K.L.:
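Handing you a structure now.
Keep in mind it's a predicted model, so treat the numbers as computed, not measured. Lettering of chains follows the sequences in order, A, B, ..., and the numbering in each one begins at 1.
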Protein chains: 2
Amino acid sequence: MEIRIGDLAKRSGCEVVTIRYYEKEGLLPKPARSGGNFRLYGDAHIERLQFIRHCRSLDMTLSEIRALLGLRDNPMQDCGEVNTLLEAHIQQVEMRVSALLQLKRHLVDLREKCSGSRSVEACGILQGLGNCNCHGESATNSQTSG
Amino acid sequence: MEIRIGDLAKRSGCEVVTIRYYEKEGLLPKPARSGGNFRLYGDAHIERLQFIRHCRSLDMTLSEIRALLGLRDNPMQDCGEVNTLLEAHIQQVEMRVSALLQLKRHLVDLREKCSGSRSVEACGILQGLGNCNCHGESATNSQTSG
DNA sequence: TAAAAACTCTATAGTAACTATAGAGTCAAG
DNA sequence: CTTGACTCTATAGTTACTATAGAGTTTTTA
């Protein structure tokens, strides 16, 4: 029983264009085609896409997901690699949380500079934003992974 | 006293190409030019760029920064707008922290599925990733702002 | 049955915020 | 004067999607 891309999209909660994108990026193998050149997907594709979406929902990059798929495709591979990947990802998330919490503290500090005046000229926030010696380089723009 | 783009980059901690990018995006006005067509920046540009970098360090989008710059450029504008923008941004950050903390919990749960076996085939993590009924749609991919 | 609607296809470009590179011109140091 | 550092514009790339155009296929409707 094979399904077309629109049905796969509905089953996986993943957009049609994104499915095509994953195929283009090599995350999904090229599927069979109908006589009209429509993609036809079987169970293996469905499972693989669900795996990918699950990883994405965990904020893993496509690069990370590729690595996991590689391990999954190779049952002889050492399971410790999977654990290592997951561990690294957890740490990235922790770092991002930490950075955001720090950022929030700075924002809250800044908010308190609002003197309640109505004029932009007397705006403590704008002046605080124009004043660069409050926290300097301690706030980081690092992302979850890259 | 005017400086060239490389010096401005050093003073602001912002890459040369990024400065040109900000000009192209309209965040920075076009500067004066030397006879050799080099950009020449004065104090107003220096301050404006520092304002922009400060906002970026607070994870504000260029769109948000544009709005703030507009308010800053118009001293007659109501200061409450600034507060509103900042408030909205703080909430976005809070939401992002919340989402990441939830994500982390899922990741930690997943990590505990590792049975200690060596084989990918018996890997609890990979199986957990292939199993889509654990947390479904509750994990979100929302970003800080958009 | 024919027409309309829905779906699918590929190719291309865009989003956000940068970043890299190529080739050419300008300026400062040796 | 030559060399190296700096600057310039234009273009393309990064990541993970997303939109659109124009054409083909399939299903639904009248």
Side-chain angles (χ1 to χ4, degrees), chain A residues 2-28 30-41 45 49 52-69 89 92 96 139-146, chain B residues 2-28 30-41 45 49 52-69 89 92 96 139-146:
Chain A
E2 302 192 300
I3 59 173
R4 286 185 304 193
I5 198 168
D7 292 329
L8 178 61
K10 289 190 183 72
R11 287 177 65 156
S12 60
C14 177
E15 296 281 348
V16 165
V17 295
T18 307
I19 296 171
R20 288 198 203 101
Y21 173 69
Y22 289 154
E23 181 188 320
K24 190 185 170 201
E25 289 293 314
L27 294 175
L28 285 174
K30 287 182 188 302
R33 297 278 184 147
S34 72
N37 202 32
F38 286 18
R39 291 171 172 80
L40 299 175
Y41 297 98
H45 266 97
L49 181 58
I52 292 166
R53 296 309 293 171
H54 192 169
C55 293
R56 284 298 300 131
S57 77
L58 299 174
D59 243 15
M60 291 182 186
T61 62
L62 296 192
S63 181
E64 285 171 320
I65 295 167
R66 266 194 208 93
L68 285 175
L69 287 170
H89 186 57
Q92 293 279 7
R96 183 63 184 147
T140 150
N141 266 346
S142 68
Q143 301 299 317
T144 305
S145 61
Chain B
E2 303 193 299
I3 60 172
R4 286 184 305 193
I5 197 167
D7 292 331
L8 179 62
K10 290 190 182 73
R11 287 177 65 155
S12 61
C14 177
E15 295 282 347
V16 164
V17 295
T18 308
I19 296 172
R20 288 198 202 101
Y21 174 69
Y22 289 154
E23 181 189 321
K24 191 184 170 203
E25 290 293 313
L27 295 174
L28 285 175
K30 288 183 189 301
R33 298 278 185 147
S34 71
N37 201 33
F38 286 17
R39 292 170 172 80
L40 299 175
Y41 298 98
H45 266 96
L49 181 58
I52 293 165
R53 295 309 293 172
H54 193 170
C55 293
R56 284 298 300 136
S57 77
L58 298 175
D59 243 14
M60 291 182 186
T61 63
L62 297 192
S63 181
E64 285 171 322
I65 295 168
R66 266 192 208 92
L68 285 175
L69 286 170
H89 186 56
Q92 293 279 8
R96 183 64 185 146
T140 149
N141 265 346
S142 68
Q143 301 298 320
T144 305
S145 62

K.L.:
Provide, to the nearest angstrom, the distance between the OH atom belonging to Y41(A) and the C1' atom belonging to dT8(C).
P.N.:
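Those two atoms, OH and C1', are 11 Å apart.
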
K.L.:
Kindly point out which of dT7(D), dC17(D), dC9(C) is positioned nearest to the side chain of R33(A)?
P.N.:
dC9(C)

K.L.:
Are the side chains of I5(A) and F38(A) in touch, meaning some heavy atoms are under 4.5 Å apart?
P.N.:
no

K.L.:
Side chain of R53(A) only, heavy atoms from C-beta on: which candidate in dC6(D), dA16(D), dC17(D) is closest?
P.N.:
dC17(D)

K.L.:
In whole Å, I'd like the distance from the CD1 atom of I19(A) to the P atom of dT10(C).
P.N.:
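In whole Å, dT10(C) P and I19(A) CD1 are 13 Å from each other.
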
K.L.:
In this structure, how many angstroms lie between the P atom of dA16(C) and the CD atom of E64(B), rounded?
P.N.:
12 Å

K.L.:
Nearest whole angstrom, please: distance from the C1' of dC18(C) to the CG of L49(B).
P.N.:
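Result: 14 Å.
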
K.L.:
Starting at CG of L40(B) and ending at P of dT7(D), how long is that distance when rounded to a whole Å?
P.N.:
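To the nearest whole Å, that distance equals 11 Å.
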
K.L.:
Is a side-chain donor or acceptor of H89(B) paired with a backbone partner of L58(B) at a separation under 3.5 angstrom?
P.N.:
yes

K.L.:
So which atom in I65(A) and which in C55(A) form the shortest heavy-atom distance, rounded to 0.1 Å?
P.N.:
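Smallest interatomic distance, heavy atoms only, reads CG1-CB, 3.4 Å.
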
K.L.:
Would you call I52(A) and L28(A) a side-chain contact if the rule is heavy atoms closer than 4.5 Å?
P.N.:
yes

K.L.:
Hey, is the side chain of Y22(B) poking within less than 4.0 Å of OP1 or OP2 on dC18(C), counting only N and O atoms?
P.N.:
yes

K.L.:
If I take atom CZ in residue F38(B) and atom P in nucleotide dT7(D), what distance separates them, rounded to the nearest angstrom?
P.N.:
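It works out to 7 Å between those atoms.
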
K.L.:
Kindly point out which of dT7(D), dC8(D), dT10(C) is positioned nearest to the side chain of R39(A)?
P.N.:
dT10(C)

K.L.:
Tell me whether R53(B) contacts the main-chain N or O of S57(B) through its side chain, where contact means a donor paired with an acceptor under 3.5 Å.
P.N.:
no

K.L.:
Check whether any side-chain heavy atom of R20(B) sits under 4.5 Å from a side-chain heavy atom of R39(B), and report yes or no.
P.N.:
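A side-chain contact exists here, since the closest heavy-atom pair is under 4.5 Å.
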
K.L.:
Rounded to whole Å, how long is the line connecting atom CG of N37(B) with atom P of dC6(D)?
P.N.:
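That distance rounds to 18 Å.
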
K.L.:
Tell me if a side-chain donor or acceptor on T18(B) pairs with a main-chain N or O of C14(B) at a distance below 3.5 Å.
P.N.:
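Flag not set: sc T18(B) to bb C14(B) has no pair under 3.5 Å.
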
K.L.:
R56(B) CZ to dC18(C) C1': how many Å, rounded?
P.N.:
9 Å

K.L.:
Between dT7(D), dT26(D), dA16(D), which one does the side chain of R4(A) approach most closely?
P.N.:
dT26(D)

K.L.:
Of the options dT10(C), dC8(D), dA16(D), whose atoms approach the side-chain atoms of T61(A) most closely?
P.N.:
dA16(D)

K.L.:
Starting at the 5' end of nucleotides 18-23 of chain D, put B wherever the base has a protein heavy atom under 4.0 Å, S where only the sugar-phosphate does, and a dash everywhere else.
P.N.:
S-----

